[in-house]
Amino acid sequence: MAAFTELVFSGVQPTGNLHLGNYLGAVKRFVEMQARDAQCLYCVVDLHAITVWQDPEALRGQIREVTAAFLAAGIDPAQSIVFNQSQVPQHAELAWVFNCVARLGWLNRMTQFKEKAGKDRENASIGLYDYPVLMAADILAYRATHVPVGEDQKQHLELTRDIAQKFNTDFGSSIAAHGHGETFFPVTEPLIGGPAARVMSLRDGSKKMSKSDPSDNSRINLTDDADTIAQKIRRAKTDPEPLPSEIAGLKDRPEADNLVGIYAALAGITREDVLRDFGGAQFSAFKPALADLAVTSLGPIAGEMRRLTADPGHIDAVLADGAGRAETIAAQTLDAVKDIVGFVRRGPSLQTVR
Ligand code: TRP
């Protein structure tokens, strides 16, 4: 592997119905990261998906669909490493070691578990509870330095940093004895932000755009056709005021704020830029411009996704190639972790097995 100054890792769950929030908050940013001096790894996190029930045939299709979305959006599988998590056994292996580093008290504070488990906590899977530990393993199996994620993953990234730091201190002398210097795992930087770090529902500016919202009008799916996209934007909830010319004027106007953020993210400009062009305009003028922009940006992605998903063999080959390259990196980390923790092993794992 060429020497890069950064290692970028991120993951998307194959749980169906990719929408504009996934695109602007994750996939589009993954594409942009490829311009940095970084090795980028983009993972379809199927082990995370099964923390809640997934129909097996549907899951297989969804893994291929997220992969197709990555490729259609412009992730280059020759430059970046694109793979699905279950093909690289080191993720689950490192998660076990981290299960013994992370503390119950840390996991008990995770707000996403509380939200997802809901009232019937006793009936949630242990995997759902352990989800953030597996996520730390995803990131640290590659000793990733940067992780582009949405706002909602901030707490999980903090847990990842806590696990890295506790491992580094608990095993400090063993880390040094094995020639890894002071610290083995980096303290990963989350990359949260951009004009659309949080894309909200088109029907309610206080709720996140979500695949599970019962109203399909609340979201733009990556597979929606041009007419559907335009219609959903036309029907998007707004308020009666024209757009302000300053950012401060978006305060307490969540729906206006959301549409301006979506426009900025799609156009690759700032909210300020959008208001410079549209300040004073009515939604009757802004919405058609936004619809045109959305159709021209998303239409080609939807078309390319349809073309790619028609050839699952090609997608599976991309994933297999990516998994092989990912494993080359992750196996080195796991060999070192086993030495540091005090396990006995056969030798360099990739040369003895597989
Ligand atoms: N939890 C992330 C989400 O739901 C997905 C994910 C799993 C992830 N492992 C990751 C994101 C590692 C970044 C890095 O969006």
Side-chain angles (χ1 to χ4, degrees), residues 6-30 33 38-52 54 59 62-63 66-67 69-70 75 80-88 90-95 98 102 107 110-117 125 127-164 185-194 196-199 208-212 322-323 326 329-330 333:
E6 298 174 348
L7 199 143
V8 172
F9 183 97
S10 198
V12 172
Q13 286 202 59
T15 44
N17 246 344
L18 277 176
H19 54 69
L20 186 65
N22 305 118
Y23 176 64
L24 294 179
V27 184
K28 185 169 190 283
R29 297 177 59 220
F30 298 174
M33 302 293 301
Q39 172 66 66
C40 300
L41 290 105
Y42 297 123
C43 184
V44 184
V45 291
D46 47 11
L47 299 176
H48 278 107
I50 63 162
T51 57
V52 297
Q54 302 295 330
L59 177 61
Q62 287 155 10
I63 293 167
V66 173
T67 309
F70 282 178
I75 293 174
S80 297
I81 298 178
V82 175
F83 69 108
N84 60 313
Q85 191 185 25
S86 62
Q87 293 207 64
V88 180
Q90 286 80 4
H91 291 242
E93 215 178 342
L94 185 58
F98 286 169
L107 285 186
M110 294 294 115
T111 55
Q112 189 167 302
F113 173 74
K114 289 178 203 171
E115 280 161 28
K116 286 198 184 171
S125 75
L128 189 67
Y129 184 71
D130 203 31
Y131 182 113
V133 175
L134 177 60
M135 184 163 159
D138 295 339
I139 295 165
L140 295 174
Y142 305 93
R143 289 185 274 174
T145 57
H146 294 79
V147 178
V149 277
E151 183 99 347
D152 61 329
Q153 296 300 310
K154 211 172 159 178
Q155 196 186 33
H156 290 161
L157 261 293
E158 277 157 21
L159 185 91
T160 300
R161 293 158 67 99
D162 289 342
I163 290 175
F185 287 118
V187 178
T188 304
E189 284 300 324
L191 299 170
I192 297 168
R198 256 166 90 79
V199 177
K208 247 185 73 174
M209 186 175 283
S210 159
K211 67 170 165 58
S212 48
I329 307 171
T333 306

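Indexing begins at 1, ligand by ligand and atom by atom, following the structure's order.
- Contacts of Ile139 with ligand 1, taken as heavy-atom pairs under 4.0 Å, involve the side chain alone.
- Nearest non-hydrogen protein atom to atom 5 (C) of ligand 1 is Gly11 O, 3.6 Å.
- Within 6.0 Å of the NZ atom in Lys114, the count of heavy atoms belonging to other residues, nucleotides or ligands exceeds 12.
- Each of the atoms 4 (O) of ligand 1 lies under 4.0 Å from some heavy atom of Gln13.
- What you find for Pro148 and Ser10 is that their closest heavy atoms are O-OG, 2.7 Å.
- In summary, the atoms of ligand 1 found under 4.0 Å from a heavy atom of His48, numbered by their order in the structure, are 7 (C), 9 (N).
- Below 4.0 Å from some heavy atom of Phe9 lie the following atoms of ligand 1, by number and element: 12 (C), 14 (C).
- The environment of Lys208 atom NZ is sparse: at most 12 non-hydrogen atoms of other residues, nucleotides or ligands sit within 6.0 angstrom.
- Every atom of ligand 1 is numbered from 1 in the order shown, and the set under 4.0 Å from a heavy atom of Val149 is 11 (C), 13 (C).
- Put simply, the side chain of Leu157 reaches to within 4.5 Å of the side chain of Ile139, judged on heavy atoms.
- If you check which protein heavy atom lies closest to atom 9 (N) of ligand 1, you get Asp138 OD2, 2.7 Å.
- The ligand atoms of ligand 1 that sit less than 4.0 angstrom from a heavy atom of Ser10 are 11 (C), 13 (C), 14 (C).
- Between Phe9 and His91, the two ring planes are tilted [angle within 30° to 60°].
- Taking distance alone, with nitrogen or oxygen atoms compared against 3.5 Å, Tyr131 approaches ligand 1 more closely than that limit.
- The side-chain heavy atoms of Thr67 and Asn84, taken from C-beta on, include no pair separated by under 4.5 Å.
- Relative orientation of the Phe70 and Tyr42 rings is perpendicular, given thresholds of 30° and 60° on the angle between their planes.
- The ligand atoms of ligand 1 that sit less than 4.0 angstrom from a heavy atom of Val147 are 13 (C), 14 (C).
- The only member of Val133, Val45, Val147, Leu94 that meets side-chain contact (heavy atoms from CB on, under 4.5 Å) when paired with Asp138 is Val45.
- Set against the non-hydrogen atoms of Val45, the atoms of ligand 1 under 4.0 Å away are 7 (C), 9 (N).
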